[in-house]
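Comments concern the structure below.
The sequence lines fix the lettering, A, B, ..., with proteins before strands; numbering per chain opens at 1. Note that the structure is predicted; figures quoted are calculated from it, not measured.
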2 protein chains.
Amino acid sequence: MAKPELSIGEVLRILRAEFSGVTISKLRFLEAEGLVSPARTASGYRKFSADDVERLRYVLTAQRDQYLPLKVIKEHLGAIDRGLRPAVAGPPVAPSAPSAGPRADDFGATGIELRLTRAELLAAAGVSAELLGELESHGLVVADGKHYGGDAIVVAQAAAELAAYGIEPRHLRPFRTAADREVGLIEQVTGPRRTEQTEQLAALTVRLHTALVRSRLPR
Amino acid sequence: MAKPELSIGEVLRILRAEFSGVTISKLRFLEAEGLVSPARTASGYRKFSADDVERLRYVLTAQRDQYLPLKVIKEHLGAIDRGLRPAVAGPPVAPSAPSAGPRADDFGATGIELRLTRAELLAAAGVSAELLGELESHGLVVADGKHYGGDAIVVAQAAAELAAYGIEPRHLRPFRTAADREVGLIEQVTGPRRTEQTEQLAALTVRLHTALVRSRLPR
DNA sequence: CCGGGCCTCAACCGCTGATCGAGGGTTGGG
DNA sequence: CCCAACCCTCGATCAGCGGTTGAGGCCCGG
C-alpha cells in the first residue's frame, strides 16, 4: 500500500502527540476555513493524505509558535502552493536599545516572488505592448531571460497612470537612475547577495525616500 | 535639560503619521493593559516621555507586522526592561521556505498637518540633536520657520537606522536630489499648489520608485 | 444488528482588542 | 469670567476570531 490515507480520527491521534490543543472539531474547522482540503470517500468520510497531515502540522506550528492568525497562515500556504516563496517580518527595534534590530514595514505588499511571461505581464498590468516596449527601452522594466518579476506589474501600471497625466516613459528615466543609485548604496552595505538584510535596508531607504518626497511637496 | 513630555493628543498625532489605526482610546487601552505607564500631572493628565512613545511604537509595530497578541508583546517588553532580548520563533519548517507579508500603508492617510518644534521632533523621532543637525545641513530635513512637518520624524528615524548600517547623512544627499526632481516633475503637471491631484501623483511616483527599487535588487 | 466512528449544520461561547458615551474636571486665550 | 478644546474615569457594548456543542443521522466492522 503506497499511500495510506487516514481517517480524521487517525490524524487526530498523530497530531495529538505533537500539539496538545487539537480536537476533531478543530480539524473540521480548519477544513471549513480552507486551510486543508482532504479527499473524501464515496460516503463522505474525510481521507487525509500524508501531505494533508504535513499541512496541518504547518498550520498548528505557525499558530503556536508565531501566533499567526489563520487568515495569514492561509495566505502563506497559498503562496507555497503556487511554488512561490514568502518572507517573515522580524521583531521591531527594541525601545531604548539601538542594536541593529531588523524592522519590517510597508515594503512590498506580497513578499511573493512572481515570474511572468511577457503576455502575462501585459495582461496583469493591463497596459499596451507599446507602452511596455517603451518602458523596456528606457530600462524601467527589464526581463530576466524570458520572465518578468512582479514589480514589473506595478511599474507598468504606475507608468500607465502617469501617462494619463502627460508624463511619458522618457520622463521617467531619472527614476531609474535614482533606483539604481539606491540599490547601489544598499549593495555596498550588504553585498551582492539578496538577504533578509537587503530587504530591510531597501525598506528603510524606500521609507526615507517617501518621507522626503512628502516633505518637499508644496504646503 | 528639559525633556519634552507630550500629552495624549500630541502622542496621537505623532503616531498617526506612522500607524493608521491608532486612536486616543487605544492608547488609553494600552495603558490599561499595562503596556505603557506614562507619568501623570497633578491633575491626572497623562504625560508621555520619548521613551513611552518609543514603547508604543514597538507595540504597534509588533502588532501590525508580526501579529503578536498584546499579552506576548507585553512579555517581550518586560524582557527588554530586564535587559534581555525577547525570543522569537522562526517560521515552521514544513511545506517550504521562509516567508511573509507585511501590509502596505498608503501614501498619506493622515489628513492633519503636523507642526513640531525642534524639541518635539527630537523626542518623537528619538534621535540625537547632532544627527538632526547633520540632516539639516544636508537639506534632508528642513524647518518651515520654527516648525517641522510630520515627515521629518520618519526621515530622522530612517536616517538613524541607516546610520546603524554605517550609512551617514552625507551619503543620503542623492535621496534629497531624487526627491527634489520627483517633486519638480509633479509640480510641472499639477502646478505649485498642493491639491488632491498633487497627492495622487505623488503617491503614484512613490509607488513607481518603490517598485523600481524592488525590481533592481539582486535576485 | 449494535456500537463506535464519522457526517452536517446551526447555535453558542469565551476571549481579545478595542470603542462609546455619560458625566465631569482642566487649561488657556480673549 | 467664560468658553472651547482637551483631558479624565468607568461601565457598557461590540465585532471578530477561533473554536465547541449538540441534535439528528449515516457508515462500517465484528
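One atom, CD of B/Glu33, and another, P of C/dA18, lie 9 Å apart when rounded to the nearest Å. Going from atom CG of A/Leu27 over to atom P of D/dT20 covers 10 Å, rounded to whole Å. Residue B/Leu6 contributes atom CG, which lies 15 Å from atom P of D/dC6 at whole-angstrom precision. Atoms CG (A/Leu56) and C1' (D/dG19) sit 15 Å apart, rounded to a whole Å. Rounding to whole angstrom units, CG of residue B/Leu70 and P of D/dC17 are separated by 16 Å. As a whole-Å value, the separation of B/Phe19 CZ from C/dA18 P is 13 Å. Following rounding to the nearest Å, A/Ile8 (CD1) and C/dT8 (P) show an atom-to-atom distance of 9 Å. Atom CD1 in A/Ile73 sits about 11 Å away from atom C1' in D/dG18, given to the nearest Å.
Contacts classified as salt bridge (charged side-chain N to carboxylate O under 4.0 Å, His left out) and involving residues 20-38 of chain A (residues at least two apart or in different chains) are given here: A/Glu31-A/Arg40, A/Glu31-A/Arg46.
Note that the CD1 atom of A/Ile8 and the NZ atom of A/Lys47 stand 14.5 Å from one another [nearest 0.5 Å].
A side chain to side chain contact (heavy atoms under 4.5 Å, CB included) with B/Tyr58 holds for exactly one of B/Leu35, B/Val36, B/Ile80; it is B/Ile80.
For B/Lys26, the listed nucleotide lying nearest its side chain is C/dT19; candidates were C/dC6, C/dT19, D/dT21.
One finds a side-chain N or O of B/Gln63 lying less than 4.0 angstrom from the OP1 or OP2 phosphate oxygen of C/dA18. Neither OP1 nor OP2 of D/dG19 sits under 4.0 Å from any side-chain N or O of A/Thr23.
Using a 4.0 Å heavy-atom distance criterion, B/Glu31 is classed as making no nucleic acid contact.
Within a 6.0 Å sphere centred on NZ of B/Lys74, heavy atoms belonging to other residues, nucleotides or ligands number 12 at most.
Side-chain contact annotation: A/Thr205 with A/Glu182, donor-acceptor N/O pair under 3.5 Å present. Side-chain contact, B/Tyr148 with B/Glu136: a donor N or O sits under 3.5 Å from an acceptor N or O.
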With side chain to side chain contact (heavy atoms under 4.5 Å, CB included) as the test, would you mind laying out the steps for B/Phe19 and B/Leu56 before giving the verdict? CA-CA 11 Å; B/Phe19 305 92; B/Leu56 285 168; over 6 Å; no

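For the segment residues 40-50 of chain A, the set of residues with a heavy atom within less than 4.0 Å of an atom of DNA chain C comprises A/Arg40, A/Gly44, A/Tyr45, A/Arg46, in numerical order.
Nearer the 5' end of DNA chain D, as judged by each residue's closest nucleotide, is the contact made by B/Arg28, out of B/Arg28 and A/Pro69.
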